[in-house]
Amino acid sequence: MPEPSLGNTPSETPFATLDPLGFDGRIGRLRFLVWSTVITLIAIVTGVLVLLAVNVSPTLGITCGATLAIAYAFISLRIGAQRLHDLNWSAWMLLLHLVPMANLVLAVMMLLMPGTEGPNKYGPPPPPNSRSVTIGAWIIIFFIGLSLFVMAALFALGLMATLINAATSNTL
């Protein structure tokens, strides 16, 4: 009869190691949101630098821009693949990003659906979120909500200005 190990209990689940540059493994929703946002911000900053480089040398700017675009796409695919693995889906689902409207549905599902509990066919579960990931995710969520509120307010103010102009000019 095998003796139980004193170090591990059956309820303890080993966690996967995080690899932002690998296709294997799993990441959760908050980590996906934070990593994607950080990579996008880096891409925006480097894009501005590439635009400045185009003024100095168009060949250098275009070469750097193409290289950075390929690197951004490759890292984004890796992070997306890990998120889909957490949902127990194949990374081939990323091809839906090429289909209009399906890309929006997939993006929303990747952000809102919880990952599978425990190990799945793509490996052990991702480790719990660190404090920096949680804080970063809440900051991002706050700014997304704030931007939606501002857009709605600007839209409402634009409609109000149109209605006021129409009422004052008697062209209602």
Side-chain angles (χ1 to χ4, degrees), residues 18 20-21 26-116 126 128-172:
L18 295 175
L21 300 178
R26 298 167 51 185
I27 59 172
R29 294 177 286 187
L30 293 183
R31 192 168 278 122
F32 173 72
L33 177 65
V34 171
W35 284 4
S36 298
T37 303
V38 167
I39 288 173
T40 301
L41 291 176
I42 290 170
I44 290 170
V45 169
T46 55
V48 170
L49 295 175
V50 164
L51 288 176
L52 295 174
V54 167
N55 290 333
V56 175
S57 169
T59 305
L60 173 68
I62 291 171
T63 304
C64 290
T67 304
L68 290 172
I70 291 169
Y72 173 75
F74 191 65
I75 292 172
S76 295
L77 285 174
R78 288 178 159 195
I79 292 172
Q82 289 181 354
R83 178 65 190 127
L84 287 173
H85 287 168
D86 191 43
L87 295 171
N88 208 19
W89 294 349
S90 171
W92 286 104
M93 294 281 291
L94 287 172
L95 289 175
L96 287 176
H97 281 300
L98 301 173
V99 180
M101 294 307 291
N103 58 359
L104 296 174
V105 172
L106 180 64
V108 169
M109 290 173 71
M110 288 171 65
L111 283 173
L112 298 181
M113 288 182 62
T116 56
N129 293 320
S130 65
R131 182 175 301 227
S132 60
V133 167
T134 305
I135 291 171
W138 280 110
I139 290 171
I140 293 166
I141 291 168
F142 170 76
F143 279 113
I144 289 172
L146 180 65
S147 65
L148 291 174
F149 174 77
V150 167
M151 286 190 305
L154 291 175
F155 180 71
L157 288 175
L159 282 178
M160 285 303 292
T162 303
L163 287 174
I164 291 171
N165 289 338
T168 57
S169 65
N170 292 326
T171 58
L172 226 149

When you compare the side chain of [Y] with that of [X], does any pair of heavy atoms fall below 4.5 Å?
{"X": "Val56", "Y": "Leu52", "value": "no"}
{"X": "Ser90", "Y": "Leu84", "value": "no"}
{"X": "Asn165", "Y": "Ser169", "value": "no"}
{"X": "Phe32", "Y": "Asp86", "value": "no"}
{"X": "Met109", "Y": "Trp89", "value": "yes"}
{"X": "Asn103", "Y": "Leu98", "value": "no"}

If I take atom [atom1] from residue [X] and atom [atom2] from residue [Y], how far apart are they, to the nearest 0.5 angstrom?
{"X": "Leu106", "Y": "Met93", "atom1": "CG", "atom2": "CE", "answer": "6.0 Å"}
{"X": "Ile42", "Y": "Leu68", "atom1": "CD1", "atom2": "CG", "answer": "11.0 Å"}
{"X": "Ile139", "Y": "Leu146", "atom1": "CD1", "atom2": "CG", "answer": "13.0 Å"}
{"X": "Leu77", "Y": "Leu95", "atom1": "CG", "atom2": "CG", "answer": "9.0 Å"}
{"X": "Ile27", "Y": "Leu33", "atom1": "CD1", "atom2": "CG", "answer": "10.0 Å"}
{"X": "Trp35", "Y": "Ser76", "atom1": "CH2", "atom2": "OG", "answer": "12.5 Å"}

(request) For Thr116 and Arg26, test the side chains for any donor-to-acceptor distance below 3.5 angstrom and give the result as yes or no. (result) yes
(message) Can you confirm whether the side chains of Tyr72 and Thr40 place a donor and an acceptor under 3.5 Å from each other?
(response)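 Distance-only check passes for Tyr72 and Thr40.
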(message) My understanding is that only one of Ile39, Val45, Thr37 makes a side-chain contact (heavy atoms from CB on, under 4.5 Å) with Leu41; could you say which?
(response) Thr37
(request) Spell out, as yes or no, whether a donor-acceptor pair under 3.5 Å connects the side chain of Arg29 to the backbone of Leu111. (result)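 No: the side chain of Arg29 does not pair with the backbone of Leu111.
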Kindly give the heavy-atom pair with the smallest separation between [X] and [Y], and that separation in Å.
{"X": "Ala81", "Y": "Ala91", "value": "CB-CB, 3.6 Å"}
{"X": "Arg31", "Y": "Pro128", "value": "NH2-O, 3.3 Å"}
{"X": "His97", "Y": "Met110", "value": "NE2-SD, 4.3 Å"}

(request) Check the pair Thr134 / Ser130 against side-chain contact (heavy atoms from CB on, under 4.5 Å), numbers first and verdict last. (result) CA-CA 6 Å; Thr134 305; Ser130 65; over 6 Å; no
